[in-house]
Structures are given as C-alpha cells and as structure tokens.
Protein chains: 2
Amino acid sequence: MRSSRGPGQRAGLSRDRVLDAATDLLAESGAVTMRAVAQRLGVAPNALYSHVADKTELVDGVLDRVLAQVDAPPLEPGGSPGDAMHRLMTSTHGVLIRHPQLVPAFLARQGARGANARHLGAVMLEHLAVAGITGDAAREALRVLIVYTIGFAAFDGAPDERPVPHSELRADFDRGLHWLITGIIESVR
Amino acid sequence: MRSSRGPGQRAGLSRDRVLDAATDLLAESGAVTMRAVAQRLGVAPNALYSHVADKTELVDGVLDRVLAQVDAPPLEPGGSPGDAMHRLMTSTHGVLIRHPQLVPAFLARQGARGANARHLGAVMLEHLAVAGITGDAAREALRVLIVYTIGFAAFDGAPDERPVPHSELRADFDRGLHWLITGIIESVR
DNA sequence: ATACTAGCTGGACGCTGTACAGTTCGCAAC
DNA sequence: GTTGCGAACTGTACAGCGTCCAGCTAGTAT
C-alpha cells in the first residue's frame with residue numbers, strides 16, 4: 001500500500017526478512033510470487049533480487065527453513081540405525097504435514113537442495129552406512145524414503161478426497177515406512 | 001511458420017491431433033505451452049480452446065494417453081493378487097521410464113485423473129479387494145503404490161546424478177515394490 | 001436459398017519472472 | 001571532513017504465459 005519511497009531509499013530488507021515474507025505467504029495462500037512477496041514488504045519487485053538470486057533460490061530458502069524444524073538426532077553409538085531412520089523420516093513427515101501448502105513445491109523439485117536438506121541427507125547416509133549400506137545403493141534407498149515421505153505428505157493436502165483423519169494417515173505412513181526400512185536393511189543381509 | 005490462413009478458414013484440427021502435438025512436444029522438449037502446441041499445428045493459440053477446455057485438461061489428456069500403454073490384465077480367478085498388482089505397477093513404471101519428460105507432470109498433480117488412470121485404479125482396487133483390503137485402507141494402499149512408482153520413475157530423469165543404469169534402477173524398484181506389496185497384504189492378516 | 005453453428009484469427013488483458021538504467025544512502029579511506 | 005564507491009532500491013520495460021472477446025467464414029441443416 002505504502003509506495004512512498006524514492007529510488008535509493010533503503011527499506012531495511014535482508015535475506016531473512018525476504019524469506020520470512022515468502023514463508024508467511026506460502027503458508028497463507030500457497031502462492032509465492034515475486035510481486036506478492038515484494039508487496040508484502042512494501043517494496044518494488046526487483047528489490048528482492050538484491051537479497052536473492054532467483055525465484056528458485058527463494059523457494060529453496062523457504063523449503064530449507066521449514067526443514068530446519070526436522071528433528072535429526074546424530075548417530076548414537078548403541079542405537080539401531082533402522083529406528084533412527086524411522087524417527088528422522090517420521091519427523092520430516094510431521095513437519096511436512098504441518099505445512100501442507102508447500103508440499104507440492106517439494107514434489108515439484110523432488111526434494112530440497114538447501115543446507116538443511118543436505119544435512120538431513122548426510123545424517124541419513126550415516127545411518128544407512130551403519131546398517132551396511134553405502135554408495136549408490138544408499139543414495140537410492142534414501143531417495144526412495146524421501147519420495148515416499150513427501151508423497152505421503154501430499155495426500156493430506158489432496159483435493160476432493162474424503163477427509164481421512166490425520167492420525168490415521170500418520171499410522172499408515174508409519175506402517176509403510178516400516179516396511180520400506182525393513183526391506184532396505186534386509187536387502188544387505 | 002506458415003501463418004497464411006484467414007479467420008474462418010479451418011485447419012482440420014481435432015482433439016486427437018491436438019493431443020498428438022502436445023504429446024510429441026512433451027516428449028521432445030518437456031515443455032508444453034499452449035502457444036508451442038499451436039505453433040506446431042500451424043494454428044493460433046486460441047484455436048486449441050475449441051478442442052480442449054483448459055491447459056490442465058490438455059495435460060491430463062496427454063498423461064492419460066501415455067497411461068493407455070500400461071498393461072493391466074484383468075482379474076484372473078486363480079492368480080495371486082499380489083503378483084497381479086506387482087505386474088501392473090511394474091508395467092506402469094516401465095511406461096513412465098520410457099517417458100521421462102512427463103514424470104514431473106505426474107508428480108505435480110499427484111497422479112492422473114483421466115479415464116485410463118481411473119481404470120488402472122479400479123483394477124488395482126479389485127486386486128486389493130481380493131487380498132481382503134477394501135475401503136479407505138485400499139485407497140491409501142493404492143496411493144502409496146502410485147506415489148512410490150511415480151517417485152521412483154522420477155529418479156531416472158533426475159539431473160546431476162551419476163547415471164545409474166536403467167536395469168539397476170529397475171531392479172531396485174522391483175525390490176521396494178515387493179516390500180510394499182508384501183507389507184500391504186500382510187497388514188490384513 | 002437461408003439460417004445457424006463450430007472452427008478459426010486478430011487482438012488484447014492481466015499475470016508471471018527478470019534485466020537495465022538511474023538515484024541515493026551508508027560506510028570506508030584519505 | 002570531504003570524497004568516493006558499492007550496495008540497496010525504484011521505475012520502466014520486455015518477453016512469455018494462459019485465456020477471454022469479438023469478428024469472420026466454411027460447412028451443415030433446414
């Protein structure tokens with residue numbers, strides 16, 4: 001609304017403030033637009049490009065921000081890698097469920113590429129290594145789990161579906177995840 | 001190129017020809033645009049709207065056309081429903097792998113909604129019913145399998161990845177699918 | 001022969017992401 | 001302190017997107 005600021009005047013933006021605005025927008029309307037983000041910040045659309053290279057980078061930033069909420073406890077010596085992986089993916093699923101609007105964004109780019117995403121991936125690979133799975137096999141198993149998780153989360157926001165209670169979906173997710181992890185681990189025995 | 005046709009002149013379009021052009025375009029460049037499809041047909045962009053309601057309807061049509069290639073043998077009396085489901089999903093996977101460009105489109109709309117898609121879904125639900133799984137549980141199991149299949153197919157077209165040979169990916173898909181189907185069937189025992 | 005309809009064109013609208021040039025502020029160096 | 005410079009921001013603009021509207025016309029039905 002307030003468009004009274006000449007060129008050269010600073011608006012006090014920052015990468016964080018831009019990502020905040022984009023995150024809010026994504027959570028509210030599900031539609032992130034450079035112009036919409038700019039308007040919400042009371043700024044010209046191009047101003048964003050001083051803090052963000054691309055729209056993709058912006059969206060990646062938002063996705064990664066949300067992924068920061070995932071609980072990824074590091075490798076503990078005595079524990080079972082299968083349980084650890086199960087917990088990590090369940091936490092991821094919970095986070096995604098809590099942000100239904102951006103699940104399609106995750107789907108569209110087949111996961112995320114930001115720092116947090118890479119960290120989560122690295123932790124998973126460690127657990128897989130403990131289970132004796134490394135290299136390409138580990139990467140493939142990881143991607144299977146990621147796609148399974150994101151895909152399942154997508155059902156929560158799916159349109160024209162009978163509203164299956166969240167608790168039930170969560171239980172189904174849990175069961176399928178268990179099958180997959182069991183299969184992955186046993187594939188190396 | 002050839003733009004010599006006045007208003008009123010017919011170009012001999014049809015829904016099929018439009019879908020053909022869109023399918024070719026998707027297979028070649030991966031980018032379907034109303035304008036691009038129109039250009040390939042030597043026609044103004046709006047002309048398409050005489051044969052297709054929407055762009056979404058167009059894409060749905062293309063996806064469904066490809067799904068027609070899936071081999072979905074009907075329920076046979078003596079057979080194992082697990083094997084039948086396995087075959088159907090494997091065939092689907094093969095079709096998707098053969099059309100990597102449109103897998104992202106499948107992902108984006110969480111499957112397809114056309115006639116062939118519904119038919120495949122119905123066949124799967126029959127097999128699930130034979131296995132004793134009905135209602136919401138069946139629909140959920142089906143969606144798990146769909147997401148798993150599409151997601152796995154997406155890896156084949158994924159960028160900046162070491163080219164894992166198709167045969168290997170196919171084997172991995174097969175194994176994971178087996179885990180899932182086994183789990184689904186045993187969940188009702 | 002006449003009316004109607006379906007298929008098409010030309011043009012336009014509002015939306016998108018983003019590049020270019022110009023203005024000005026804040027800060028560092030002399 | 002003055003000067004200079006880079007970073008932040010505005011205004012404008014461009015190309016491309018999906019899609020609507022109005023008009024023209026070829027074929028069909030009456």
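Everything numeric in this text was worked out from a predicted model, so none of it was measured. In the text below, chain A, chain B and the rest are named by the order of the sequence lines, each starting its count at 1.
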Exercise. Which heavy atom in B:Ala153 sits nearest to a heavy atom in B:Leu96, and how many Å separate them?
Worked result: CB-CB, 3.7 Å
What integer distance in Å separates [X]:[atom1] from [N]:[atom2]?
{"X": "A:Tyr49", "N": "D:dA7", "atom1": "OH", "atom2": "C1'", "answer": "18 Å"}
{"X": "A:Met34", "N": "D:dG16", "atom1": "CE", "atom2": "C1'", "answer": "17 Å"}
{"X": "B:Leu41", "N": "C:dG7", "atom1": "CG", "atom2": "P", "answer": "15 Å"}
{"X": "B:Arg35", "N": "C:dG11", "atom1": "CZ", "atom2": "P", "answer": "14 Å"}
{"X": "B:Leu48", "N": "D:dC17", "atom1": "CG", "atom2": "P", "answer": "13 Å"}
{"X": "B:Lys55", "N": "D:dG16", "atom1": "NZ", "atom2": "P", "answer": "15 Å"}
{"X": "A:Leu58", "N": "C:dT18", "atom1": "CG", "atom2": "C1'", "answer": "13 Å"}
{"X": "A:Gln39", "N": "D:dT10", "atom1": "CD", "atom2": "P", "answer": "13 Å"}

Problem set entry | D:dC9 phosphate, OP1 or OP2, under 4.0 Å from A:His51 side-chain N/O | yes
For this session: Check whether any side-chain nitrogen or oxygen of A:Arg5 sits under 4.0 Å from OP1 or OP2 of D:dT10, and answer yes or no.
Result: yes
Exercise. Within the structure shown, what part of the strands sits under 4.0 Å from A:Ser50 by heavy-atom distance: base, sugar-phosphate, or nothing?
Worked result: base
For this session: Quick one: label A:Asn46 by what it contacts on the DNA or RNA (base, sugar-phosphate, nothing), any heavy atom closer than 4.0 Å.
Result: base
For this session: Could you check B:Arg17, B:Arg65, B:Arg40 and say which one makes a salt bridge (charged side-chain N to carboxylate O under 4.0 Å, His left out) with B:Asp24?
Result: B:Arg40
Exercise. Strictly by modelled atom types, are A:Asp174 and A:His86 linked by a side-chain donor-acceptor pair under 3.5 Å?
Worked result: yes
Problem set entry | Side-chain (A:Thr149) to main-chain (A:Met89) donor-acceptor, under 3.5 angstrom | no
Exercise. Backbone N or O of A:Phe173 within a donor-acceptor pair of the A:Tyr148 side chain at under 3.5 Å?
Worked result: yes
Exercise. So which one's nearest nucleotide on DNA chain C is more toward 5', B:Leu13 or A:Thr33?
Worked result: B:Leu13
Exercise. Does the D:dC9 base have a donor-acceptor partner in the side chain of A:Arg10 within less than 3.5 Å?
Worked result: no
